[in-house]
Chemist: 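Would you mind keeping the following structure in view while I ask a few things?
Note: hydrogens, waters and symmetry copies are ignored here, and every other heavy atom, side chains too, is used.
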Amino acid sequence: MTEVLLPAHFNADPVRIARGLLGGTLIRVTPEGDRLTGRIVEVEAYDCPRDPACTAGRFHAARSADMATAPGRWLFWTAYGHPLLQVACRPEGVAASVLIRAIEPLEGVGHMLTNRPVTRERDLTNGPAKLVYALGLVPALMAGTAVDSPALHMLPPQWPVPDGAVDVTARIGIREGRTLPWRFVLRGSPWVSPATPSMELHSILAT
DNA sequence: ACTTCGATGCTCT
DNA sequence: GAGCATCGAAGTA
């Protein structure tokens with residue numbers, strides 16, 4: 001029986017943590033007690049001290065403070081008016097995080113569809129903000145809470161996902177840092193975000 | 001107070 | 001695949 005991931009697990013390199021999260025389960029328990037769960041199929045790492053893509057680092061002091069909170073706390077990055085679910089990594093004072101970009105809906109699909117009506121079920125949670133809406137997450141309430149909170153927590157994958165089943169690419173939607181292969185995707189999953197990676201791993205290695 | 005800019009999503013061609 | 005809505009954070013004044 002796999003155990004809920006604890007905050008201490010996130011006091012480490014976000015790239016390794018992100019990779020290890022693939023295949024895990026994100027579990028949302030609504031105020032009414034409904035279980036909404038999904039398999040984690042797409043993640044990205046942001047490691048500000050060495051990451052040109054991380055606008056929280058040198059450039060945005062306030063955001064940096066948010067992301068530099070104690071490891072293992074939920075936080076919501078906002079971009080284009082949308083909340084993106086992340087977990088703070090590394091020791092307090094260091095801005096680093098894992099971004100959950102897509103999940104495969106498992107339990108509570110009906111409830112998710114209520115939160116976020118879509119025509120094709122495939123579009124329910126295949127984007128970082130989409131899954132936040134589908135799970136009914138409330139940033140104002142949940143930002144800063146621990147990753148092992150009853151309302152929102154995670155299980156590691158039941159079996160480790162082998163490297164052969166993982167696509168490693170550049171991250172989506174960023175300007176700087178596009179050569180860093182810090183996006184991890186469950187290969188072949190139909191539930192990943194539709195955005196095409198700007199660069200596949202092989203072209204990164206070729207450059 | 002005003003301007004710019006995204007770690008996005010949606011709606012059309 | 002192009003265009004636009006969106007809104008909080010940051011920079012400027």
Chemist: Measure CZ/A:R175 against C1'/B:dG6 and give the value in whole Å, please.
Modeler: 10 Å
Chemist: Kindly express the pairing pattern of DNA chain C in dot-bracket notation, using | wherever a base pairs with another strand and counting only Watson-Crick or G-U pairs under 3.5 Å.
Modeler: |||||.||||||.
Chemist: Without decimals, in angstroms, what is the distance between A:R122 CZ and B:dG9 C1'?
Modeler: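 Rounded to the whole Å, the gap is 18 Å.
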Chemist: Got a list of protein N/O to nucleotides 1-6 of chain C N/O distances below 3.5 Å?
Modeler:
from  : atom 1 : to    : atom 2 : distance (Å)
C:dT6 : O2     : A:Y80 : O      : 3.0

Chemist: Under the salt bridge (charged side-chain N to carboxylate O under 4.0 Å, His left out) test, which residues partner A:E92, sequence neighbours left out?
Modeler: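 A:E92: no salt bridge (charged side-chain N to carboxylate O under 4.0 Å, His left out) contacts found.
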Chemist: Can you name the salt bridge (charged side-chain N to carboxylate O under 4.0 Å, His left out) partners of A:R50, sequence neighbours left out?
Modeler: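 Once residues adjacent in sequence are excluded, the partners of A:R50 under the salt bridge (charged side-chain N to carboxylate O under 4.0 Å, His left out) criterion are A:D13, A:D47.
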Chemist: Sequence neighbours excluded, which residues qualify as side-chain contact (heavy atoms from CB on, under 4.5 Å) partners of A:A146?
Modeler: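 Testing A:A146 for side-chain contact (heavy atoms from CB on, under 4.5 Å), a comparison that skips the adjacent residues, returns A:P7, A:D148, A:S149.
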Chemist: Measure CG/A:D123 against P/B:dT8 and give the value in whole Å, please.
Modeler: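 Taking atom P of B:dT8 as the reference, CG of A:D123 is at 16 Å.
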Chemist: What integer distance in Å separates A:I174:CD1 from B:dC5:P?
Modeler: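 So the two atoms are 18 Å apart, to the nearest Å.
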Chemist: Starting from P on B:dT8, measure out to CH2 on A:W77 and report it in whole angstrom.
Modeler: 12 Å
Chemist: Which whole-number value in Å describes the distance from A:F76 CZ to C:dA9 P?
Modeler: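 From A:F76 CZ to C:dA9 P: 14 Å.
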Chemist: Only one of A:R183, A:E44, A:E42 forms a side chain to side chain donor-acceptor pair (under 3.5 Å) with A:T169, so which one is it?
Modeler: A:R183
Chemist: Looking at the side chain of A:K130, which of B:dG9, C:dG8, B:dT8 is the nearest nucleotide?
Modeler: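 Nearest to the side chain of A:K130 among the choices is B:dG9.
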Chemist: Enter the distance from A:L106:CG to A:I27:CD1 here, rounded to the nearest 0.5 Å.
Modeler: 9.5 Å
Chemist: Answer yes or no: is there a donor N or O on one side and an acceptor on the other, between the side chain of A:W182 and the main chain of A:Y46, under 3.5 Å?
Modeler: no
Chemist: Salt bridge check: are A:R171 and A:D51 linked by an N-O gap of less than 4.0 Å?
Modeler: yes
Chemist: Within the pair A:R116 and B:dC10, is there a side-chain N or O less than 4.0 Å away from OP1 or OP2?
Modeler: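 The answer is yes; a side-chain N or O of A:R116 sits under 4.0 Å from OP1 or OP2.
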Chemist: Of A:V118 and A:E44, whose nearest nucleotide on DNA chain B comes first from the 5' end?
Modeler: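 The residue whose closest nucleotide sits nearer the 5' end is A:E44.
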Chemist: Take the protein atom OH of A:Y46 and the nucleotide atom P of B:dG6, then report the distance between them rounded to whole Å.
Modeler: 13 Å
Chemist: Figure out the CD/C1' separation between A:E176 and B:dC5, and round it to whole Å.
Modeler: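 It is 14 Å, rounded to the nearest whole Å.
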Chemist: With sequence neighbours excluded, give me every side-chain hydrogen bond (donor to acceptor under 3.5 Å, both in side chains) pair touching residues 104-118 of chain A.
Modeler: A:D34-A:H111, A:R35-A:E107, A:T37-A:E107, A:R39-A:E104
Chemist: Would you say A:T125's side chain and A:I103's backbone share a donor-acceptor pair under 3.5 angstrom?
Modeler: yes
